[in-house]
Amino acid sequence: MDGFSWKLFLLSCLVVVQSSAQDFGQTQFICTSVPKDMDLCTATMQNSGPAEDLKTTVMQLRETVLQQKETIMNQKETIRELTSKLSRCESQSLPAAGPGGRRPGSKNTMGDVSRGTTDTLAQLGQTLQTLKQRLENLEQYSRGNSTAQANSLKDLLQNKIDDMEKQVLSRVNTLEETKPVSRNDTEQRNRVESTLTSLHHRITDLEKGKETRPTDKFQLTFPLRTNYMYAKAKRSLPEMYSFSVCLWIKSNASPGVGTPFSYAVPGQSNELVLIEWGNNPMEILINDKVAKLPFLINDGKWHHLCITWTTRDGMWEAFQDGVMRGNGENLAPYHPIKPEGVLVLGQEQDTLGGGFDATQAYVGELANLNIWNRKLSIAEIYNLATCNSKAPAGNVFSWTESNIEIFGGATKWTFEPCRSLN
């Protein structure tokens with residue numbers, strides 16, 4: 001190859017390398033010699049097929065990368081917005097610490113908290129009103145339709161209400177912990193609670209119309225520790241010289257499941273109480289006297305509990321899942337259970353029918369609470385725990401919907417013992 005041909009060869013390589021290097025970066029290149037009697041541009045065009053394909057591929061990759069970059073930027077912007085909203089929520093919900101309500105290393109935001117309380121409750125109230133309207137539409141629809149579609153709509157709405165309820169109650173609890181609640185906030189919270197209770201009552205009525213379930217096939221659910229979510233018996237207990245109380249219970253709350261039920265009378269708020277508070281074992285209180293019960297129930301599974309008691313020598317027995325787990329004596333001996341009281345489910349009473357403490361509230365599910373004014377036999381208790389058809393119903397208090405009122409957003413669901421276990 002003479003000198004001129006070498007020059008053409010080097011020039012061709014240089015052109016290709018420079019052009020390709022701009023497009024491909026760190027890439028190996030192959031140079032092709034060009035005959036001295038051939039036009040350089042023509043030779044370049046003849047040998048540019050693979051290079052053009054590579055260039056097209058790279059351009060497509062670049063376009064894809066740019067699109068992905070734009071998507072990532074949009075996602076980052078969304079994350080920033082969500083983070084900003086979360087920060088505002090946290091700044092409203094973080095409890096104040098130290099004198100003057102100041103948190104270490106932060107400025108006083110009590111004014112913001114106050115404004116956030118009102119705005120949050122107002123927004124939640126508006127959302128609940130929307131759910132209420134949707135429920136009214138569903139009720140109208142269901143009157144003329146008994147199809148599976150109506151049931152599906154009801155289920156979807158129930159789930160939505162439950163989700164919103166948890167948000168409402170969680171937000172209210174958080175806001176109540178941050179500062180004393182103003183009268184206006186209390187009124188808004190009461191309206192929200194009233195709407196929740198109304199919604200659940202109407203859902204229950206809707207279920208009755210469609211499913212015609214037996215009045216005792218239901219459970220109560222208490223999803224959060226509050227001082228206003230509870231159920232109440234519509235009538236008092238009579239005077240009793242012995243009793244048996246049995247119920248189904250399911251909870252994994254820790255520490256302590258709280259207070260499944262409490263019965264208060266004038267002058268004695270702890271006339272009859274079942275409670276598991278803090279790290280203490282479950283206890284039965286009669287006239288403020290205490291017996292520790294050998295129950296292990298906070299495993300998130302359904303358990304059947306029965307406690308029997310007689311005033312003579314204060315003898316008591318405790319059964320879990322049909323098996324006696326413990327017994328004792330001298331529990332408020334010769335003290336009859338007094339009448340004219342208030343039976344509350346889910347809360348411990350410090351005053352007659354009230355004085356609730358959120359730290360003692362029950363969290364979990366509860367069903368089939370029955371009370372007798374006599375001591376049940378071991379066989380009767382076993383029949384109750386195994387859902388035997390011979391199982392008796394309470395003659396003092398029986399588990400029927402007409403005997404119970406629910407308040408503050410406690411929910412009511414269809415439940416059948418033994419069929420719904422765990």
Side-chain angles (χ1 to χ4, degrees), residues 162 165-166 169-170 173 218-233 244-264 269-286 288 290-309 316-326 331 342-350 355-371 381 384-385 397 399 404 406-413 415 417-418 420-422:
D162 287 337
E165 173 193 347
K166 291 179 181 179
L169 297 176
S170 177
N173 286 340
F218 71 99
Q219 70 180 54
L220 297 180
T221 299
F222 304 88
L224 297 169
R225 291 194 193 275
T226 72
N227 62 355
Y228 50 82
M229 185 186 298
Y230 66 101
K232 183 173 70 172
S244 298
V245 55
C246 300
L247 69 157
W248 285 94
I249 194 170
K250 179 182 180 180
S251 178
N252 59 0
S254 179
V257 302
T259 309
F261 71 85
S262 63
Y263 177 68
S269 59
N270 293 329
E271 183 68 5
L272 176 58
V273 181
L274 182 66
I275 185 172
E276 184 182 79
W277 186 28
N279 295 316
N280 300 313
M282 183 164 280
E283 300 172 335
I284 182 79
L285 281 71
I286 299 177
D288 220 12
V290 181
K292 297 185 183 301
L293 304 176
F295 292 150
L296 297 174
I297 61 170
N298 61 342
D299 56 2
K301 299 180 180 180
W302 281 105
H303 294 285
H304 186 262
L305 306 181
C306 271
I307 301 103
T308 68
W309 173 86
W316 61 270
E317 296 175 340
F319 297 78
Q320 179 174 330
D321 300 325
V323 178
M324 184 187 295
R325 297 296 178 91
L331 175 59
V342 177
L343 177 62
V344 169
L345 312 182
Q347 295 285 351
E348 194 273 333
Q349 304 172 66
D350 286 335
F356 304 147
D357 182 347
T359 63
Q360 297 175 325
Y362 175 68
V363 178
E365 299 164 80
L366 184 152
N368 287 64
L369 174 68
N370 285 275
I371 303 175
I381 292 174
L384 285 166
F397 177 83
W399 187 254
I404 296 173
I406 60 175
F407 301 91
T411 58
K412 187 186 297 182
W413 294 92
F415 172 78
C418 297
S420 303
L421 292 186
N422 310 322

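Put simply, CZ on F397 and CD1 on I404 are 4.0 Å apart, with the number rounded to the nearest 0.5 Å. In this structure, CG on L366 lies 13.0 Å from NZ on K250, to the nearest 0.5 angstrom. Annotation: the span from E276 atom CD to E283 atom CD amounts to 9.0 Å, rounded to 0.5 Å. Here the CG atom belonging to N368 is positioned 12.0 Å from the CG atom belonging to L305, to the nearest 0.5 angstrom. Atoms CG and CD1, on D321 and I297 in that order, are 10.0 Å from each other to the nearest 0.5 Å. With rounding to the nearest 0.5 angstrom, the CD1 atom of I249 is 4.0 Å from the OH atom of Y362.
Summarising the geometry of W399 relative to A367, their closest heavy-atom pair is CZ2-CA, 3.7 Å, with the distance given to 0.1 Å. Of all heavy-atom pairs spanning T259 and L274, the tightest one is CG2-O, 3.3 Å. Taking each heavy atom of D357 and Q347 in turn, the nearest pair found is O-OE1, 3.9 Å. Nearest heavy atoms, M282 versus V257: CE-CG2, 3.8 Å. Closest heavy-atom contact between P294 and R325: CG-O, 3.2 Å. Residues L369 and L345 share a closest heavy-atom pair of CD2-CD2, 3.3 Å.
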_S262 vs Q349, test: side chain to side chain donor-acceptor pair (under 3.5 Å). Steps then yes/no._
CA-CA 7 Å; S262 63; Q349 304 172 66; 3.2 Å; yes
_Trace of the side-chain contact (heavy atoms from CB on, under 4.5 Å) decision for I284 with L272_ = CA-CA 7 Å; I284 182 79; L272 176 58; 3.8 Å; yes
*Give the intermediate values and the outcome of side-chain contact (heavy atoms from CB on, under 4.5 Å) for residues I381 and T308.*
CA-CA 10 Å; I381 292 174; T308 68; 4.0 Å; yes
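Contact annotation: the side chain of L343 approaches that of I371 to within less than 4.5 Å [non-hydrogen atoms, C-beta and beyond]. Considering only heavy atoms from C-beta on, E365 stays 4.5 Å or farther from L220 through its side chain. In this structure the side chain of T359 never reaches within 4.5 angstrom of the side chain of N227, judged on heavy atoms.
Of the possible donor and acceptor atoms, one in the side chain of S251 sits under 3.5 Å from a partner among the backbone N and O of V363. Between the side chain of E348 and the backbone N or O of G258, no donor-acceptor pair lies under 3.5 Å. Looking at W309, its side chain does come within 3.5 Å of a backbone N or O of L331 through a donor-acceptor pair. Side chain of R225 to main chain of A358: no donor-acceptor pair is present (N/O by atom type, distance under 3.5 Å, no hydrogens or angles).
Remark: aromatic rings of F415 and W302 are close, center separation under 6.0 Å.
Under the ring-ring contact (aromatic ring centres under 6.0 Å, His included) test applied with F356, the options Y228, F222, Y230, F407 reduce to a single match, Y230.
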